[in-house]
There are 2 protein chains.
Amino acid sequence: MKSIRNTVAKNEIHKLIAGSTVALSQAELQAATKGLCDRVTIYRILDRLTQEGLIHKVLNVDGVMKYAGCADTCKAQHKHDHIHFSCQKCKSLTCLAGVEASYRLPAAYTVMEANFTLSGICPNCT
Amino acid sequence: MKSIRNTVAKNEIHKLIAGSTVALSQAELQAATKGLCDRVTIYRILDRLTQEGLIHKVLNVDGVMKYAGCADTCKAQHKHDHIHFSCQKCKSLTCLAGVEASYRLPAAYTVMEANFTLSGICPNCT
DNA sequence: CAAATAAACGCAACTAAGTTGCACTTACAA
DNA sequence: TTGTAAGTGCAACTTAGTTGCGTTTATTTG
Ligand SMILES: [Mn+2]
Ligand SMILES: [Mn+2]
Ligand SMILES: [Zn+2]
Ligand SMILES: [Zn+2]
């Protein structure tokens with residue numbers, strides 16, 4: 001059984017993501033931590049936190065991966081079907097925690113994951 | 001007024017996209033055309049076709065851009081709010097032309113574009 | 001507390017997608 | 001037919017993400 005260890009870098013990065021209202025990219029985390037650890041280490045920490053179910057990935061509209069903290073309600077059962085919003089002005093990517101999309105697609109499709117992202121102007125930039 | 005010219009490469013690539021049931025990436029188009037033109041040229045052709053409103057972009061779940069033909073109904077007014085399906089087995093990305101998602105998000109958000117992609121198993125792979 | 005060990009890390013090298021600059025070629029309008 | 005701006009090829013570059021490997025360190029166990 002491969003155990004997962006706690007390290008300073010991991011805790012710091014988890015705290016940053018959990019305390020952020022917007023999803024963060026590896027580059028943003030690296031800038032925010034300024035030499036705390038190597039960039040490769042950040043990628044590996046993000047993988048671990050994702051595996052542990054503490055954060056979830058969101059692909060931004062520019063193709064760059066961002067990471068957001070899992071909500072409290074997520075602890076019971078992970079479900080990340082909420083819509084995300086990508087602001088074209090401030091470039092922020094936000095989890096719209098409560099907002100889910102409904103759709104009806106032809107059967108024969110088996111859905112395993114949903115990736116819904118709207119882009120436009122966020123409230124802060126209006 | 002900058003005009004847009006027709007070239008062999010452009011026509012060939014447009015035909016490939018228009019005749020495909022799935023969205024295609026630059027790499028896939030390059031493989032399908034085998035030395036028709038440089039890879040940079042493919043990127044530039046894709047940009048032009050997009051600008052002309054003949055194709056539209058779809059970001060795949062792996063962060064790679066794919067391109068799909070615009071539907072006939074699209075000629076009246078472009079609107080690409082339909083859902084896309086990304087198959088985890090055959091890696092295909094399909095426009096679900098008729099299928100749109102409905103959602104209700106907090107006002108104060110101004111939506112300009114929608115990017116809805118479901119992933120799972122497509123009918124061909126079931 | 002000390003030693004063992006597997007997880008975590010740093011660094012260098014690599015891949016893959018996409019972009020840019022510039023000289024050369026070609027579609028097409030005049 | 002010819003001038004010219006649009007299109008192309010090639011080399012170089014950027015940025016995100018991955019991999020291999022030798023070294024460090026958190027945690028377990030005696
Ligand atoms: Mn979660
Ligand atoms: Mn269209
Ligand atoms: Zn989210
Ligand atoms: Zn589409």
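Quick note on labels: first sequence line is chain A, next is B, and so on, each numbered from 1.
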Indicate the ring-plane relationship of B:His80 and B:His82, choosing parallel, tilted or perpendicular according to the 30° and 60° boundaries.
perpendicular
Expected output is a numbered-order residue list: members of residues 17-25 of chain A with a heavy atom under 4.0 Å from any atom of DNA chain D. What is it?
none
Please round to the nearest 0.5 Å and tell me the distance separating atom [atom1] of [X] and atom [atom2] of [Y].
| X | Y | atom1 | atom2 | value |
| --- | --- | --- | --- | --- |
| A:Ile42 | A:Leu24 | CD1 | CG | 11.0 Å |
| B:Gln26 | B:Ile13 | CD | CD1 | 8.5 Å |
| B:Leu46 | B:Ile17 | CG | CD1 | 5.0 Å |
| B:His84 | B:Asn115 | NE2 | CG | 7.5 Å |

Return the 5'-most residue of the pair B:Leu59, A:Leu36 with respect to DNA chain C, ranking by each residue's nearest nucleotide.
A:Leu36
Which pairs, protein N/O on one side and nucleotides 15-17 of chain C N/O on the other, fall under 3.5 Å?
none

With the side chain of A:Ala9 defined as its heavy atoms from C-beta on, choose the nearest nucleotide among D:dC10, C:dC9, D:dT8.
C:dC9
What nucleotide among C:dA8, C:dA12, D:dT8 has an atom nearest to a side-chain atom of A:Val40?
C:dA12
Residues 33-40 of chain A, side-chain donor-acceptor partners within the protein, below 3.5 Å, at least two apart:
residue, atom, partner, partner atom, Å
A:Thr33, OG1, A:Leu29, O, 2.8
A:Thr33, OG1, A:Gln30, O, 3.3
A:Asp38, OD2, A:Val40, N, 3.0

Base, sugar-phosphate, or nothing for A:Arg44, non-hydrogen atoms under 4.0 angstrom?
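If one applies the 4.0 Å heavy-atom cut-off, A:Arg44 turns out to touch a base.
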Measure from [atom1] on [X] to [atom2] on [N] and round the result to the nearest Å.
| X | N | atom1 | atom2 | value |
| --- | --- | --- | --- | --- |
| B:Asp38 | C:dC22 | CG | P | 18 Å |
| B:Asn60 | C:dG18 | CG | P | 11 Å |
| B:Ile42 | C:dT19 | CD1 | C1' | 15 Å |
| B:Ile45 | D:dA6 | CD1 | P | 16 Å |
| B:Lys66 | C:dG18 | NZ | C1' | 16 Å |
| A:Gln30 | C:dC11 | CD | P | 12 Å |
| B:Lys10 | D:dA6 | NZ | P | 13 Å |

Side-chain heavy atoms under 4.5 Å apart, restricted to Ile/Leu/Val/Met/Phe/Trp/Tyr: what other residues fall into the cluster of B:Leu105, or is it alone?
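A:Ile83, A:Phe85, A:Leu96, A:Val99, A:Tyr103, A:Leu105, A:Tyr109, A:Val111, A:Phe116, A:Leu118, B:Ile83, B:Phe85, B:Leu96, B:Val99, B:Tyr103, B:Tyr109, B:Val111, B:Phe116, B:Leu118, listed by chain and number.
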Remaining members of A:Tyr43's ILVMFWY cluster at a side-chain heavy-atom cut-off under 4.5 Å?
none
Which atoms of nucleotides 26-30 of chain D (N or O only) lie under 3.5 Å from a protein N or O atom, and what are those distances?
residue, atom, partner, partner atom, Å
D:dA26, O3', A:Asn6, O, 3.4
D:dA26, N3, A:Arg5, NH1, 3.2
D:dA26, N3, A:Arg5, NH2, 3.4
D:dT27, OP1, A:Asn6, N, 3.3

Counting just side-chain N and O atoms, does A:Thr41 come under 4.0 Å of either OP1 or OP2 of C:dG10?
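Answer is yes, contact under 4.0 Å.
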Exercise: identify the closest heavy-atom pair between A:Cys125 and A:Lys89:
O-NZ, 3.6 Å
Mind listing the side-chain donor-acceptor pairs of residues 57-74 of chain A below 3.5 Å, one per line with the distance, residues two or more places apart or on another chain?
residue, atom, partner, partner atom, Å
A:Asn60, OD1, A:Ser86, OG, 3.1
A:Asp62, OD1, A:Val64, N, 3.0
A:Lys66, NZ, A:Glu28, OE1, 3.4
A:Lys66, NZ, A:Glu28, OE2, 3.2
A:Asp72, OD1, A:Lys75, NZ, 3.3

Write out all pairs satisfying side chain to side chain donor-acceptor pair (under 3.5 Å) with one or both partners inside residues 117-126 of chain A, taking only residues at least two apart or from two chains.
none
Any pair with a residue in residues 4-14 of chain A that passes side chain to side chain donor-acceptor pair (under 3.5 Å), sequence neighbours left out, goes on the list, sorted by first then second residue, please.
A:Asn6-A:Lys10, A:Lys10-A:Glu52
Going by salt bridge (charged side-chain N to carboxylate O under 4.0 Å, His left out), name the residues that satisfy it together with B:Glu113, two or more places apart in sequence or in a different chain.
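Checked B:Glu113 against salt bridge (charged side-chain N to carboxylate O under 4.0 Å, His left out); zero matches.
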Please list all pairs meeting salt bridge (charged side-chain N to carboxylate O under 4.0 Å, His left out) that have one or both residues in residues 95-111 of chain B, counting only residues at least two apart or in different chains.
B:Lys79-B:Glu100
Could you tell me, to 10°, how much the axis swings from one end of the helix from C:dC1-D:dG30 to C:dA30-D:dT1 to the other, five pairs per end?
30°
